[in-house]
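Note that the numbering runs from 1 along the sequence shown for the chain. None of the values given here were measured: they were computed from a predicted structure. The analysis underlying the following values was restricted to heavy atoms, covering all of them including side chains, and did not include hydrogens, waters or symmetry mates.
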Amino acid sequence: MSKDLASFHDYLLKSKRILAVCGAGLSASSGLPTFRGAGGMWRQHNAMELSTPEAFRNHPGLVWQFYSLRRHFALKAAPNAAHYALAQLARIRPYPQFLTLSQNVDGLSDHAGHPAKSIEYLHGSLFRVRCMRSWCRYERDDTSDPIAPALEVDEEEPEDGWRRLEIDELPKCPQCKTGLLRPAVVWFGENLDSQMLKRIDQYLVRPGQDPVDLCLVIGTSGTVYPAAGYASKVKAQGGKVAVLDIDCSVRHEQAKDENADWLFEGDAAKLLPEMLEPIIGSLTALSRPPGKANGQVVGSVDISDIRLCPE
């Protein structure tokens, strides 16, 4: 594995088709809690145990309070320079030259103006809701905060301050009138959207198109499938893989398993704009597109802020 940014830039400029696979590390600089890992607790509950269909069926009020908190903080957060860098790359290299696969549900890529045709949200979105009834097809975008009066977030509430809510206090499906609305995210034990997976497979093996030359693995552990397998697919077609991670000490062996050609360590918000600069130029004053929240200025990126992983 190389630590040479110059060699990465050379290959980047030669690449005709690029794939980016992004995880929670992409949004780390935006200050969002991930509720993952050993410390992934929310108000004395294991956050991962709240992210299942069974949890919603048994404790819908508790699950909705957890997701209302996530929605609340995601709406307050601003995209960081990494989101803007990918959005700019997607504008300069439009689909099918570039595609982002995001495991994040926070909506920050959308707020950064990432073209919709050039991004797939593998795990759905916090800001889309659907009916819990399998036979009811109701679904909508929803950025209201709170989504129901009883779900208003009190940021000063103590850690054990979750409330027991009645079913009538939770958001209801306006179409079937019987089901509760639920976040349109992919919970543990649920399948990813089959049509989306088909589109991704078609992008990787596109008849009449050049193969994907480069896969960027950004801020993801590389352990959740199918996202974890896309880098290997690019590699199998003769492409190269660059891994960006905040801590190489916990990622080095996984990067070897992915046959990574470059392994860079650092905050994606500082690292990614520098890596993509030969194509996107310098990010000095990009702001959110009209219709989003108030614009946020993105500072220039200094290469001195970036550490490169040892080989």
Given the rule in the side chain to side chain donor-acceptor pair (under 3.5 Å) test, do Glu120 and Ser102 qualify, once you have shown the distances and angles that lead to the verdict?
CA-CA 6 Å; Glu120 296 281 4; Ser102 178; over 6 Å; no
For residues [X] and [Y], report the shortest heavy-atom separation together with the two atoms involved.
X: Ala20; Y: Leu86; answer: CB-CD2, 4.3 Å
X: Ala87; Y: Pro115; answer: O-CD, 3.8 Å
X: Ile218; Y: Leu272; answer: CD1-CD2, 3.9 Å
X: Ala81; Y: Leu283; answer: O-CD1, 3.5 Å
X: Ala269; Y: Asn80; answer: CB-OD1, 3.6 Å
X: Phe8; Y: Leu214; answer: CE1-CD2, 4.0 Å

What distance separates [X] [atom1] from [Y] [atom2], expressed to the nearest 0.5 Å?
X: Ile147; Y: Leu181; atom1: CD1; atom2: CG; result: 6.0 Å
X: Asp10; Y: Lys14; atom1: CG; atom2: NZ; result: 6.0 Å
X: Glu277; Y: Ser282; atom1: CD; atom2: OG; result: 5.0 Å
X: Tyr95; Y: Gln97; atom1: OH; atom2: CD; result: 12.0 Å
X: His123; Y: Asn104; atom1: NE2; atom2: CG; result: 9.5 Å
X: Ile280; Y: Glu274; atom1: CD1; atom2: CD; result: 9.5 Å

Using 30° and 60° as the class boundaries, would you call the ring planes of Trp187 and Phe56 parallel, tilted or perpendicular?
tilted
Mind telling me whether Tyr11 and Trp262 have parallel, tilted or perpendicular rings, with 30° and 60° as the class edges?
tilted
Verify, without hydrogens or angle tests, whether [X] (side chain) and [Y] (backbone) share a donor-acceptor contact under 3.5 angstrom.
X: Gln65; Y: Arg163; result: yes
X: Tyr203; Y: Pro96; result: yes
X: Arg182; Y: Val185; result: yes
X: Glu169; Y: Glu166; result: yes

Using a 4.5 Å cut-off on heavy atoms from C-beta on, say whether the side chain of [Y] contacts that of [X].
X: Leu192; Y: Leu122; value: yes
X: Ser27; Y: His83; value: yes
X: Leu101; Y: Ile200; value: yes
X: Leu12; Y: Met275; value: no

Can you list the steps and then say if Asp106 with Arg70 is a salt bridge (Lys or Arg N to Asp or Glu O under 4.0 Å)?
CA-CA 8 Å; Asp106 52 37; Arg70 294 187 65 183; over 6 Å; no
Verdict with reasoning, Arg71 to Asp142, per salt bridge (Lys or Arg N to Asp or Glu O under 4.0 Å):
CA-CA 10 Å; Arg71 285 163 57 95; Asp142 192 306; 3.3 Å; yes
Taking [Y] as the starting point, is it possible to reach [X] by hopping between hydrophobic residues whose side chains are less than 4.5 Å apart?
X: Val241; Y: Leu19; value: no
X: Leu13; Y: Leu276; value: yes
X: Leu244; Y: Tyr230; value: no

Is it the case that Tyr121 and Ser109 place a side-chain donor and acceptor less than 3.5 Å from each other?
no
Are Gln88 and Arg91 close enough that a side-chain donor and a side-chain acceptor fall under 3.5 Å?
yes
Starting from the C-alpha separation in whole Å, work towards a yes-or-no answer on side-chain contact (heavy atoms from CB on, under 4.5 Å) for Cys22 and Thr220.
CA-CA 6 Å; Cys22 307; Thr220 176; over 6 Å; no
Is there a side-chain contact (heavy atoms from CB on, under 4.5 Å) between Leu62 and Arg164 once you walk through the steps?
CA-CA 7 Å; Leu62 177 64; Arg164 295 188 182 277; over 6 Å; no
Charged N to carboxylate O below 4.0 Å: is that the case for Lys235 and Asp261?
yes
Give the intermediate values and the outcome of side-chain contact (heavy atoms from CB on, under 4.5 Å) for residues Leu151 and Leu165.
CA-CA 9 Å; Leu151 294 172; Leu165 300 179; 3.7 Å; yes
Check the pair Asp213, Gln237 against side-chain contact (heavy atoms from CB on, under 4.5 Å), reporting the backbone distance first and the verdict last.
CA-CA 8 Å; Asp213 304 282; Gln237 296 177 35; over 6 Å; no
Salt bridge (Lys or Arg N to Asp or Glu O under 4.0 Å) contacts touching residues 171-181 (sequence neighbours left out):
Asp168-Lys172
